[in-house]
Amino acid sequence: MPTRSRPIYTDPDKRKSLDDLASLVADGAVIAVGGGLSSREPMALLRAILRRSITGLTVVGSAHGIDIDLLSAGGALTRSSESYVGFEQDFGMAPNYRRALESGAVKAEDSCCYTLVQQLRAAIQGLPFMPMRSVRGTSFPSLHPEYRKMVCPFTGEELLLVPAIEPDVALIHAQYGDARGNLVIQGPPVADLLFAKASRMVLATIEEIVPTSRLGELRGIHIPYFYVTAVSEVPMGAHPTACYPFYAYDRPHTELYYDAARKGADTFCAEYLDIFVHGAADHADYLAQIGGKATRARLASWSGGLEAWKQLYRDGAMA
Amino acid sequence: MPTRSRPIYTDPDKRKSLDDLASLVADGAVIAVGGGLSSREPMALLRAILRRSITGLTVVGSAHGIDIDLLSAGGALTRSSESYVGFEQDFGMAPNYRRALESGAVKAEDSCCYTLVQQLRAAIQGLPFMPMRSVRGTSFPSLHPEYRKMVCPFTGEELLLVPAIEPDVALIHAQYGDARGNLVIQGPPVADLLFAKASRMVLATIEEIVPTSRLGELRGIHIPYFYVTAVSEVPMGAHPTACYPFYAYDRPHTELYYDAARKGADTFCAEYLDIFVHGAADHADYLAQIGGKATRARLASWSGGLEAWKQLYRDGAMA
Amino acid sequence: MEAALPRRGDGVTKTCSLGEMMITALSRTIEDGTLVFHGFGSPLVQLAMHVAKRTHAPRMVLVAGATYGIDPDPPFLAPTTNDWVMDRGASSALGIEELFDLAAAGRMGRMFLSGLQIDRWGNCNVTSLGFPELKMKLPGGGGGCNLSCDAAHLTLWTTAHRALEDAKGRRRFRLADDCDFITNLGHRTKDGKLRRDLGHRGNGPQWLVTELGLFDFDDDGHMRLNALYPDTSVEDVLMNTGFKPRLASQIEIIPPPERLVVEFIRRLDPLRVHEKEIRAEDMRRRFTIA
Amino acid sequence: MEAALPRRGDGVTKTCSLGEMMITALSRTIEDGTLVFHGFGSPLVQLAMHVAKRTHAPRMVLVAGATYGIDPDPPFLAPTTNDWVMDRGASSALGIEELFDLAAAGRMGRMFLSGLQIDRWGNCNVTSLGFPELKMKLPGGGGGCNLSCDAAHLTLWTTAHRALEDAKGRRRFRLADDCDFITNLGHRTKDGKLRRDLGHRGNGPQWLVTELGLFDFDDDGHMRLNALYPDTSVEDVLMNTGFKPRLASQIEIIPPPERLVVEFIRRLDPLRVHEKEIRAEDMRRRFTIA
């Protein structure tokens with residue numbers, strides 16, 4: 001229903017627990033997961049969602065990795081409209097995601113980055129669709145019978161019309177924010193700004209909640225508070241993806257994840273899910289299990305100089 | 001022709017004289033003037049354009065004032081598609097603009113801010129049009145027979161289609177920039193970013209050209225160099241509009257302008273155009289005529305505190 | 001001079017001006033928890049939004065016109081809208097496209113609009129007198145056309161309801177029988193089509209504040225006199241309106257602002273920028289405050 | 001280890017790897033003064049763009065995939081693309097929407113794409129083997145679909161041209177007779193429609209670099225062998241291609257990189273991230289450099 005009005009959120013104090021944030025995600029919701037690839041994905045919130053056994057989710061997004069792979073393994077998904085889910089050339093294809101899609105447990109409705117952008121833009125502009133020129137001639141329209149074509153009344157050329165995508169919930173991890181819900185994202189925002197504007201709800205975990213006056217001094221992308229439904233301060237909330245300047249990508253932990261995932265669903269359940277998701281009562285427990293302060297210090301060491309940064313990413317670097 | 005490919009500009013040194021910038025504006029061009037109302041309008045470049053007796057220009061834009069009024073007085077325009085041209089409640093309606101439109105010398109094709117935004121967005125996205133919902137039911141379609149309507153294939157509702165606007169030239173005054181053409185705009189960007197992306201050429205006057213490394217440290221909107229055709233360092237280039245943090249709006253000079261304009265075309269020519277535009281050989285001459293360093297110091301005094309700032313805007317404040 | 005004003009109500013301030021009455025009436029049309037926007041050239045509305053934010057609507061999202069700053073706290077009103085003065089203290093700022101997208105997506109609760117002609121359906125003309133043959137070019141409506149369609153609710157205002165005679169003895173009605181050009185859409189189009197049949201996001205004009213009275217719009221979308229100032233009458237309104245406005249079953253008196261509100265307005269507008277909107281003959285009007 | 005590499009060509013570096021050959025071949029497809037983009041998971045292409053920028057194309061606009069940084073100068077290649085390592089030194093950065101808008105408006109000169117199936121028309125499949133019945137889910141193409149239509153020119157590449165036998169003795173051709181799914185558009189659609197009749201911005205695939213050779217596309221849009229490595233043959237290519245590629249009238253030998261280029265690559269990729277793209281059996285191949 002792209003033409004519904006979207007709400008705004010004006011509560012001056014939107015702070016909630018991580019679990020309360022997860023509880024706002026309904027079974028069957030269409031969710032947009034912020035960040036991308038190995039960077040600033042709202043991993044703690046996704047783990048909280050899995051702990052609540054939320055099911056039937058549809059994910060829409062651009063280029064993702066461990067976030068969507070984990071949701072696939074945890075049984076939360078029924079439909080994927082991502083443009084990419086994988087671990088790049090570093091580890092390869094996403095094992096849990098592949099299994100879920102190949103078994104039919106999750107329906108594959110792959111999309112492409114710009115198509116997604118245009119569909120989010122339609123929602124942001126309160127329009128039922130956006131026109132675009134690309135995609136025609138590829139196989140994507142056969143995956144998306146909802147697309148339409150039109151003949152342009154100005155030029156006579158054929159255009160593709162893609163319907164608005166208005167996610168029920170955007171899940172975003174930001175470096176900084178305040179209690180009112182203003183967010184500051186540093187570094188590549190990926191599609192987070194589009195998600196925040198297009199979605200009916202925005203749930204944000206925040207590395208560090210600071211006074212509003214402090215936000216004004218920070219560089220980066222500012223997301224105004226009225227888009228944001230609820231926030232929770234969750235340090236290391238993107239782990240094992242990066243959340244610079246706080247911490248780099250935890251490649252050894254990701255390798256551990258990947259090795260477990262490659263061995264099959266049961267092994268992954270036993271060696272990863274039952275330990276780091278269901279085996280951890282909450283985020284504090286998770287942080288203890290991944291190595292507590294030592295891990296945090298290791299991942300923060302990138303700022304010590306190029307050699308330290310490089311060291312984090314060497315093959316065989318220790319977790 | 002909204003579907004032409006737009007060029008990019010990669011010359012590592014794009015610095016030119018102000019007059020060379022003006023020489024790139026062809027008679028009959030569609031131009032987009034940056035800034036708005038009393039803020040960051042590229043006034044020095046507009047004066048240079050008038051000195052070159054460029055004619056037949058069409059202006060597209062949102063809320064403007066002395067910039068478009070001056071172009072009207074100088075005989076450069078034949079068509080206006082602005083959404084507002086005036087001096088707000090402070091001085092009132094734009095005298096030269098009114099005369100030019102009421103006499104028929106300039107054709108009135110008024111538009112509205114969001115309509116303009118959508119038309120620029122179409123150009124930016126390489127599309128022939130953008131859909132929108134508003135405008136229908138007002139009198140604007142009678143001014144714009146080029147608009148089309150369609151029935152939405154998704155919802156059955158009626159939508160308006162507005163064609164792409166791809167200005168030939170965007171004229172922008174930025175606070176900072178580098179020789180390569182990277183620009184930094186501080187404070188409200190108005191439509192400048194949209195203009196920069198939608199136009200075939202971007203001509204930028206810059207308050208202070210700095211090394212590229214310095215730009216990285218500056219807050220604000222960054223316009224990447226490849227959109228920008230040529231730049232010129234022109235201190236006080238927005239005068240008499242504001243270019244914070246360098247200088248505030250010169251309200252007394254604007255009053256002088258307005259009083260001359262109100263008295264009629266001939267008086268305006270004698271009392272303003274012949275002195276500040278055609279009477280000044282170049283920008284340095286203009287700066288001398290408006291009071292040189294003393295004026296610059298007066299307009300920079302806003303940063304001295306609230307009382308100083310307020311003082312600049314009191315009725316009867318001295319130029 | 002403004003520095004001498006008491007910062008707290010100590011009984012010194014006993015009357016207010018028409019501008020202050022209108023600002024207060026405009027502010028009362030704002031609901032808490034909604035996103036509200038003003039355009040440029042509207043100091044009465046700027047002040048009304050700041051009054052609302054500091055009184056009954058602390059959770060309104062105040063978006064300043066021209067700067068698009070969110071919840072700014074300007075130290076004083078500047079004579080032009082797009083001045084850095086006006087977005088001091090803003091927690092962030094929108095781009096022009098984002099502001100209008102918010103309205104198009106149904107997220108803008110209220111916008112304030114005016115016109116040099118306003119008809120019984122709340123249509124406004126800010127484009128030209130005479131159309132298609134242009135008699136007088138008006139400055140244009142900015143984004144008003146778009147927002148008149150998209151914003152959930154509209155408050156209209158004018159400080160020139162009274163139809164004065166011009167040099168030739170003609171009276172030109174601001175509240176006009178017909179708009180030469182519809183810049184901002186009211187409840188019915190020129191050809192009688194109903195707004196609600198156009199599928200716009202917005203519900204159209206809800207209030208009109210003039211220097212003679214306060215109007216709402218009835219179920220037909222027709223302008224209806226709702227309240228008067230202590231010093232205006234129904235006859236004043238009828239004599240100065242180019243059509244016959246409907247009358248509410250009971251015509252109220254617009255309540256004056258509280259003293260703290262008046263003092264707040266005077267502190268926020270030490271340059272008396274908003275008085276540029278008020279006609280000379282209305283500057284003399286004074287109203288007793290509570 | 002990389003610190004021991006000479007910073008200037010002093011004659012120590014006498015050979016290069018297949019990866020370095022491919023990087024060089026990819027870099028030669030870039031024209032100066034154009035805007036060029038790479039996606040994620042493409043270290044060979046990342047390196048090729050940096051090589052081009054520092055050799056024959058100093059004025060290229062280098063847009064880094066995932067970060068969308070403009071002309072970054074990363075201190076080393078990180079194992080994933082969206083790492084802050086990768087946009088160090090960028091003069092600014094684009095948003096995701098702006099990057100794709102640039103392509104849609106015809107401003108992107110070149111994009112690099114790959115596929116797990118690539119057919120004779122340059123169509124690529126990165127979505128799934130088997131369609132609509134899914135046999136193997138592939139990771140997806142990111143924005144490749146859109147850019148394959150919009151970017152002015154495409155360079156394709158793959159490091160798995162050689163069709164190895166799997167455990168069951170089947171050979172699956174990377175250069176396949178037919179793509180199960182067209183993720184990225186080549187010169188003809190599945191039903192034989194010509195790209196040029198679709199009205200896209202882009203002109204489609206211009207080059208294909210594989211570990212066996214260099215291909216271009218002829219006037220029909222058909223893949224054509226253009227050059228070989230010093231250690232590969234036409235027969236290698238024919239045996240490992242699922243269709244019959246056309247052959248240029250003269251098949252050249254791909255020239256090796258200059259020594260400075262090889263040294264630059266080794267400095268920029270001390271973690272040897274790009275070798276993750278190279279198959280084990282191709283790691284042994286060495287080429288004499290100038």
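Every chain is numbered from 1 and lettered A, B, ... according to where its sequence line falls, protein lines coming before strand lines. Model, not experiment: these values are computed from the prediction.
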Spacing of M22(C) atom CE and E277(C) atom CD [to the nearest 0.5 Å]:
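Reported value, rounded in 0.5 Å steps: 7.5 Å.
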State plainly whether the residues [X] and [Y] are in salt-bridge range, i.e. N to O under 4.0 Å.
X: E88(B); Y: K276(C); result: no
X: R272(C); Y: D315(B); result: no
X: E158(B); Y: R136(B); result: yes
X: R107(C); Y: D101(C); result: no
X: E133(C); Y: K135(C); result: no

Given heavy-atom pairs under 4.5 angstrom as the criterion, report whether the side chain, backbone, both or neither of [X] touches chain C.
X: R251(B); answer: side chain
X: D90(B); answer: both
X: S62(B); answer: side chain
X: T241(B); answer: neither
X: L159(B); answer: neither
X: Q186(B); answer: both
X: A108(B); answer: side chain

Step through the shown structure and confirm whether more than 12 heavy atoms of other residues, nucleotides or ligands are within 6.0 Å of NZ on K190(C).
yes
Near-ring test F140(B)/F181(C), centroid separation under 6.0 angstrom
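So the answer is yes for these two rings.
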May I ask you to name which of [options] has the most heavy-atom pairs under 4.5 Å with chain C?
options: S111(B), A94(B), S83(B); value: S83(B)
options: L116(B), L120(B), V135(B); value: V135(B)
options: C113(B), S39(B), G36(B); value: C113(B)
options: G92(B), G86(B), C112(B), P189(B); value: C112(B)
options: L312(B), L194(B), V85(B); value: V85(B)

Would you call the rings of F37(C) and Y68(C) parallel, tilted or perpendicular, taking 30° and 60° as the class edges?
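Because their plane-to-plane angle is under 30°, the rings of F37(C) and Y68(C) count as parallel.
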Contact residues of residues 95-105 of chain B (partner chain C; heavy-atom separation under 4.5 angstrom):
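Result: Y97(B), R98(B), L101(B), E102(B).
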Go through the atoms of [X] and report whether side chain, backbone, both or neither lie under 4.5 Å from a heavy atom of chain B.
X: A66(C); value: both
X: S42(C); value: backbone
X: V126(C); value: neither
X: L138(C); value: both

Tell me, which pairs form a ring pair (Phe, Tyr, Trp, His ring centres under 6.0 Å) where one or both residues lie in residues 79-109 of chain C, sequence neighbours left out?
Y114(B)-F100(C), Y244(B)-W84(C)
Out of C179(C), G199(C), G39(C), return the one with the most heavy atom pairs under 4.5 angstrom to chain B.
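Heavy-atom pairs under 4.5 Å are most numerous for G199(C).
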Go through G143(C), P79(C), S148(C), G130(C) and name the one with the most non-hydrogen pairs under 4.5 angstrom from chain B.
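Option with the top pair count is P79(C).
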Are the side chain of R195(C) and the backbone of G186(C) linked by a donor-acceptor contact shorter than 3.5 Å?
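Flag set: sc R195(C) to bb G186(C) pair under 3.5 Å.
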Where do H187(C) and F217(C) land on the ring-ring contact (aromatic ring centres under 6.0 Å, His included) test, with the steps shown first?
CA-CA 9 Å; H187(C) 292 287; F217(C) 292 83; 5.4 Å; yes
R174(C) vs H161(C), side chain to side chain contact (heavy atoms under 4.5 Å, CB included): CA-CA, chis, key distance, verdict:
CA-CA 6 Å; R174(C) 177 67 58 112; H161(C) 185 167; 5.5 Å; no
Intermediate values then yes/no, ring-ring contact (aromatic ring centres under 6.0 Å, His included), F268(B) and Y257(B)
CA-CA 8 Å; F268(B) 183 74; Y257(B) 175 103; 4.8 Å; yes
